[in-house]
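These figures come from a predicted structure and were not determined experimentally.
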There are 2 protein chains.
Amino acid sequence: MDIGVKKPGVTSSQVAEHAGVSQSAVSRTFTPGASISSKTRTKVLASAKQLGYRPNAIARSLITNRSRIIAVVMAYLENLFYPDVLEELGRALAAENYHLLLFTGFMDRDSDPVFDQLMQYRVDGIILASTSLSSELSEECATAGIPVVLFNRTTERDAVSSVTTRNKEGGRRIADFFVAGGHKTFGYIAGLENSSTNRDRQQGYVEGLAALGFDTVVIETGNYSRPDAEAAARKMFSRADRPEALFVANDHMAVAVMDVARHEFGIRIPEDLSIVGYDDVGPAKWTSYGITSMSQPVKRMVEATVEILMDQIASGEIEAEHRILNGDLFVRTSARLPAAGIVMRDGQQIYRPKEA
Amino acid sequence: MDIGVKKPGVTSSQVAEHAGVSQSAVSRTFTPGASISSKTRTKVLASAKQLGYRPNAIARSLITNRSRIIAVVMAYLENLFYPDVLEELGRALAAENYHLLLFTGFMDRDSDPVFDQLMQYRVDGIILASTSLSSELSEECATAGIPVVLFNRTTERDAVSSVTTRNKEGGRRIADFFVAGGHKTFGYIAGLENSSTNRDRQQGYVEGLAALGFDTVVIETGNYSRPDAEAAARKMFSRADRPEALFVANDHMAVAVMDVARHEFGIRIPEDLSIVGYDDVGPAKWTSYGITSMSQPVKRMVEATVEILMDQIASGEIEAEHRILNGDLFVRTSARLPAAGIVMRDGQQIYRPKEA
DNA sequence: CTGAAAGCGCTTACAG
DNA sequence: CTGAAAGCGCTTACAG
């Protein structure tokens, strides 16, 4: 035959018949808090076990209007920051007895194409990471009562909930750190130009430098992509005014930039060039790189994300909520050190200037 | 109120009323290949658009007994190989109009705990990567008519479908490569001891060396984990009989091993020590590492996985199928080169001894 | 091609 | 605490 037949599973009616009770009794046995005598319950459980019964979540969803599924949209996973987030999300959602429907591997940074798919499953919530949703669709979600959280990104109108870290303060902290370390010339390898993280990090950095009397920052753009970052690094290091301090908008690019610097240009780090990255992701900690980097607290960001979702699902109130968390500048070997301001925390060096 | 109300979506009945047709007509409009006049279809589509109707996939699943959801179980994502796989899976499943329910972030390497959850959603198929399922549960899937594919792993009894590469041949190739490069002493940093990949890679390597007259291989175990690999490297490099050629069971560990070698022991690579890894994953290609590594063709592995699943879903025949693909030894800078056998392919160096 | 009707496997008032 | 019954939003024979 052409269309395969998945053997139908055991149903609550079959269990009811086997146990000699009503189908409602079976349902109640598997509904936490439902009114059922322990005698009936025991009988049902025994029959269920014997028949290999498992409640059909699909049927339950249809009637409760709750799928217990959260859609996670993550366009790409090359930057290890995102797999880290995904793993934490898996854990956090499982703890709430929710499930994770993943949309990944499409090239657009726009989620609209996957939106139809995701809505058809009547997901209870949507998490958008490394991607964005048009405002019409965001509005449609609000109308449908489906909470949406932007992860590590905000939109201009603030109409959608978001979880981010203080990117602007992060950029400023890096400016302080460079200047405290005695650097005089400054560069920036930018991420995606229309992303809020890039905009904020760059702004904080440039403003911070300006406040300290440095008005010139040479900029190339790496678009948060490895090949683009390599190209940007080649341009940056070929310039006559090559800076001695370089902030790279995330660690994913910083790794590529360091490789180009050392192996293509013979630049010594940190003797000839100081590099600071962002995210504090895995490879930043590897000895070969040892990147001084602003951290983003993935675990707490995920907790905040899931919290917003759970609150809004429970209350039915979809009001945009913005959680902004703090990061720290973890000091390693990729940048020259300032004379003061470095403190130890949990065995790691972080930069905490007094005024902070 | 305590329990939030997700506004019910637009239903096919509402669209039918609006369009002045039967609910069946609406359903047929959204069922590819259903018998419907283009006139009715147009009317329905117009009303659907106006009302913002989207078919409810949950209701459809209930009646078709097909969820169009594939469960992917991936215990952890630190090793970039797995995010790569996930991204390809996202693409490949979307192309078949299937969706990906991800289970990740649990510490066990055993999938049994998530199995109940996954069965409740009546998934149409299951992909297990970096994790395994007890044979009882595998059998239960077969009974229920749900295809399961082990990704990058096999079980002893071969009862479950799998997609792997020729790990044993890979180990043997690495042995050939080392010996051709003039190495005389050999080591191995093992992965998880009960995993099929580790067993096969190790066996091929040890047998290959033996066939060439080298009977001694010093072994430490890194369990495919970064900290364990670092510890294993420290033990390995502290040995009096430290080998000059070291096969590390995957690149994820090889990166850690190289960092320990260079920065803790001052070992020069490849002058003092040759290292070869496995997977040919991102960091292997980064200049700082440049790991010579056996590749696993992720894209083709994913295609094979999805193909098996789609075939078995369509036919309803759950017969274990084993796809075994070839990898190549990509030659970079982490190991001393043999005088012959290195050829170019697509601008990359690979090792292809004549007899192969 | 079309519509009325049955039914997928559950949850949940309702009445007892 | 329990059961009979309605109904969630669809698909799909069936009859016309």
Side-chain angles (χ1 to χ4, degrees), chain A residues 2-3 5-45 47-48 51-68 119-124 144, chain B residues 2-3 5-45 47-48 51-68 119-124 144:
Chain A
D2 200 49
I3 283 194
V5 181
K6 185 157 68 172
K7 293 85 183 169
V10 180
T11 71
S12 56
S13 303
Q14 289 172 271
V15 176
E17 187 173 16
H18 186 274
V21 299
S22 73
Q23 184 268 330
S24 318
V26 176
S27 174
R28 289 191 182 102
T29 299
F30 290 93
T31 306
S35 147
I36 185 116
S37 72
S38 74
K39 194 172 142 233
T40 309
R41 199 184 140 74
T42 311
K43 253 196 315 200
V44 170
L45 250 21
S47 295
L51 300 178
Y53 171 73
R54 255 180 278 268
N56 184 327
I58 298 282
R60 172 179 290 160
S61 295
L62 185 57
I63 200 158
T64 58
N65 203 23
R66 289 263 112 91
S67 61
R68 299 201 81 83
M119 288 300 277
Q120 291 190 11
Y121 278 95
R122 302 302 196 257
V123 296
D124 290 344
Chain B
D2 201 48
I3 283 194
V5 181
K6 185 157 69 174
K7 293 85 182 167
V10 180
T11 70
S12 56
S13 303
Q14 290 172 268
V15 176
E17 188 172 14
H18 186 274
V21 299
S22 73
Q23 182 269 330
S24 317
V26 177
S27 174
R28 288 190 183 102
T29 299
F30 290 93
T31 305
S35 146
I36 185 114
S37 73
S38 73
K39 194 173 142 232
T40 309
R41 202 184 136 73
T42 312
K43 250 193 322 197
V44 170
L45 250 19
S47 296
L51 300 178
Y53 171 71
R54 256 180 277 269
N56 183 327
I58 299 282
R60 172 178 289 159
S61 294
L62 185 58
I63 199 157
T64 58
N65 203 24
R66 288 264 113 91
S67 60
R68 300 201 81 83
M119 288 299 277
Q120 291 191 10
Y121 279 93
R122 302 301 195 258
V123 297
D124 290 345

- Under 3.5 Å donor-acceptor, A/Thr64 side chain and A/Arg60 backbone: yes

- Message: With the threshold set at under 4.0 Å for non-hydrogen atoms, list the residues of residues 36-43 of chain B touching DNA chain D in residue-number order.
- Response: none

- Query: Of the non-hydrogen atoms in A/Leu51 and A/Val15, which two are nearest, and what is the gap between them?
  - Reply: CD1-CA, 3.9 Å

- Only counting residues at least two apart or in another chain, list the ones meeting side chain to side chain contact (heavy atoms under 4.5 Å, CB included) with A/Thr42. none

- Could you encode protein contacts along nucleotides 5-12 of chain D as a string, one character per nucleotide from 5' to 3', using B for base contact, S for sugar-phosphate-only contact and - for no contact, with a heavy-atom cut-off of under 4.0 Å? B-BBBBBB

- Smallest heavy-atom separation, B/Ile58 atom then A/Ser61 atom, equals CG2-CB, 3.9 Å

- Note on the structure: With sequence neighbours left out, the residues meeting side chain to side chain donor-acceptor pair (under 3.5 Å) with A/Thr11 are A/Gln14

- Item | Check: B/Ser67 main-chain N/O paired with B/Asp124 side-chain donor or acceptor under 3.5 Å | yes

- One should read off an interatomic distance between A/Lys39 NZ and A/Arg41 CZ, to the nearest 0.5 angstrom, of 15.5 Å

- Heavy atoms only: give me the nearest B/Pro55-A/Arg122 pair and the separation to one decimal. O-NH1, 3.7 Å

- Message: Within the 3.5 Å criterion, strictly below it, is a donor on B/Gln23 or B/Ser12 matched to an acceptor on the partner's side chain?
- Response: yes

Please report, to 0.1 Å, the donor-acceptor pairs under 3.5 Å made by any side chain of residues 26-35 of chain B, with sequence neighbours excluded.
unit_1: B/Thr29; atom_1: OG1; unit_2: B/Ala25; atom_2: O; d: 2.8
unit_1: B/Thr31; atom_1: OG1; unit_2: B/Ser27; atom_2: O; d: 2.8

- Tell me, what's DNA chain C's dot-bracket, Watson-Crick or G-U with both distances under 3.5 Å, | for other-strand, [ ] crossing? |||.||||||||.|||

- Report yes if a side-chain nitrogen or oxygen of B/Ser22 is closer than 4.0 Å to either non-bridging phosphate oxygen (OP1 or OP2) of C/dT2; otherwise report no. no

